[in-house]
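In what follows, a single structure is set out as structure tokens and then discussed.
In listed order, ligands and their atoms are each counted from 1. Since this is a predicted model, take the numbers as computed values, not measurements.
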Amino acid sequence: MAYKTLIVEIEDHVALIRLNRPEALNALNAELMAELAEAVAQANANDKVRCIVLTGSEKAFAAGADIREMSQKSFVDVFAGDLFTPETERFLACRKPIIAAVSGYCLGGGCELAMMCDFIIAADTAKFGQPEINLGVVAGIGGTQRLTRIVGKSKAMDMHLTGRFMDADEAERSGLVSRVVPAKKLMEEAMAAAQKIAEKSALTVMAVKECVNRSYETTLREGLLFERRMFHMMFATEDQSEGMQAFVEKREPQFRDK
Ligand code: CO8
């Protein structure tokens with residue numbers, strides 16, 4: 001499918017989705033959000049795709065929701081229209097891992113979108129921020145909730161209240177990103193991580209994503225039980241038997257997603 005605001009390529013089991021509104025530093029407008037939700041849903045449904053990488057340009061992953069577009073909206077438009085809810089729900093329904101490869105500005109809705117991914121690999125040029133306060137609004141697609149859970153209350157308050165930007169090193173120190181790499185190596189690293197995931201059993205990958213995400217939704221006790229039962233359930237799969245047998249026989253496992 002051809003998109004106006006995205007470039008989508010599938011390479012060796014990895015769907016690479018590139019935000020492509022260079023004229024607005026990949027600001028998230030209604031069209032981009034609808035196309036992104038569709039592209040992710042398609043990748044999720046495509047048996048050839050085992051992992052997704054979401055990226056922007058060197059200058060910006062995304063500089064936030066589209067301020068020009070939002071500036072024309074009323075309360076009724078955003079509330080009754082439920083701005084961005086269906087799109088984010090579709091994005092979050094994806095059961096395959098999504099890696100955000102972030103270079104340059106990753107602000108407001110852009111930072112929130114990156115946090116909706118499963119992990120973030122950042123270029124050393126990345127700048128994260130929740131500057132909505134400068135526009136007279138609060139974050140709206142998870143910034144106050146996800147950033148707080150990821151980096152803790154003090155830093156989340158600092159970011160949201162001052163609107164300052166955080167560089168890649170600070171983002172790594174704070175646990176917002178999993179690794180920082182030189183900008184030139186960003187796509188190579190992100191694609192290599194995606195390829196590594198693509199080699200695993202798709203069943204186990206799906207289970208890991210569900211287990212880790214569960215930790216944000218439940219108490220520790222319930223989360224531990226969920227994880228334990230998921231572990232037990234994996235013994236109903238051929239891939240568990242193959243994975244363990246391969247280790248014992250000192251060979252590479254041949255997973256079949258069964
Ligand atoms: N929206 C629309 N256009 C944008 C945006 C944006 N968020 N960011 C940049 N652009 C446009 C600029 O207007 C400019 O366009 P033009 O050339 O036509 O004037 C072009 O991109 C290049 O930008 P700059 O000239 O400003 O580039 P600089 O390198 O000088 O500055 C910055 C880069 C610092 C990133 C600057 O552009 C900036 O501050 N951008 C806005 C950042 C921001 O405030 N983001 C938060 C937006 S609000 C939000 O994300 C809320 C999300 C929640 C939605 C919830 C819905 C339910």
Side-chain angles (χ1 to χ4, degrees), residues 3-7 17-40 54-93 98 100-117 120 122-151 155-171 176-177 183 186:
Y3 297 101
K4 284 197 191 148
T5 62
L6 307 175
I7 298 169
I17 303 178
R18 190 179 286 279
L19 307 178
N20 187 36
R21 289 192 70 217
E23 71 285 3
L25 300 182
N26 294 329
L28 313 173
N29 64 3
E31 185 175 41
L32 184 149
M33 287 300 284
E35 290 193 342
L36 179 59
E38 177 60 25
V40 167
L54 177 62
T55 194
S57 67
E58 265 176 47
K59 184 157 186 205
F61 176 77
D66 191 304
I67 302 168
R68 275 206 183 88
E69 191 177 74
M70 283 188 299
S71 69
Q72 303 304 313
K73 292 191 186 297
S74 66
F75 164 73
V76 173
D77 292 335
V78 297
F79 179 68
D82 208 5
L83 185 64
F84 289 167
T85 302
E87 295 86 352
T88 50
E89 289 300 323
R90 269 189 102 192
F91 186 97
L92 293 170
I98 308 180
V102 172
S103 180
Y105 295 112
C106 185
L107 307 174
C111 186
E112 296 173 292
L113 177 61
M115 289 189 289
M116 279 163 48
C117 296
I120 303 174
D124 50 11
T125 56
K127 287 188 180 64
F128 298 87
Q130 297 286 167
E132 288 91 342
I133 196 158
N134 299 326
L135 302 167
V137 290
V138 299
I141 45 177
T144 62
Q145 305 304 299
R146 289 201 177 89
L147 189 68
T148 307
R149 285 165 197 229
I150 294 167
V151 305
K155 203 174 277 284
M157 282 287 193
D158 179 0
M159 301 301 293
H160 282 285
L161 290 172
T162 66
R164 78 174 174 89
F165 299 166
M166 190 194 265
D167 67 18
D169 283 343
E170 186 180 359
L176 177 58
V177 310
L186 177 67

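- When only modelled atom types and interatomic distance are considered, E58 and S103 share no side-chain donor-acceptor pair under 3.5 Å.
- Contact residues for ligand 1 (protein heavy atom closer than 4.0 angstrom to any ligand atom): E23, A24, L25, A27, K59, A63, G64, A65, D66, I67, R68, M70, L83, F84, Y105, L107, G108, G109, E112, P131, E132, L135, G140.
- Between the side chain of N26 and the backbone N or O of A60, at least one donor-acceptor pair lies under 3.5 Å.
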With a 3.5 Å cut-off and sequence neighbours excluded, list the donor-acceptor pairs that the side chains of residues 73-80 form with protein atoms.
residue : atom : partner : partner atom : Å
S74     : OG   : V76     : N            : 3.3
S74     : OG   : D77     : N            : 3.1
S74     : OG   : D77     : OD2          : 3.2
D77     : OD2  : S74     : N            : 2.9

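- You'll find the side chain of V40 reaches within 4.5 Å of the side chain of I17, heavy atoms only.
- Considering every non-hydrogen atom in both A183 and T125, the closest pair reads CB-CG2, 3.9 Å.
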From CA spacing to verdict: side chain to side chain contact (heavy atoms under 4.5 Å, CB included), Y3, N20:
CA-CA 9 Å; Y3 297 101; N20 187 36; over 6 Å; no
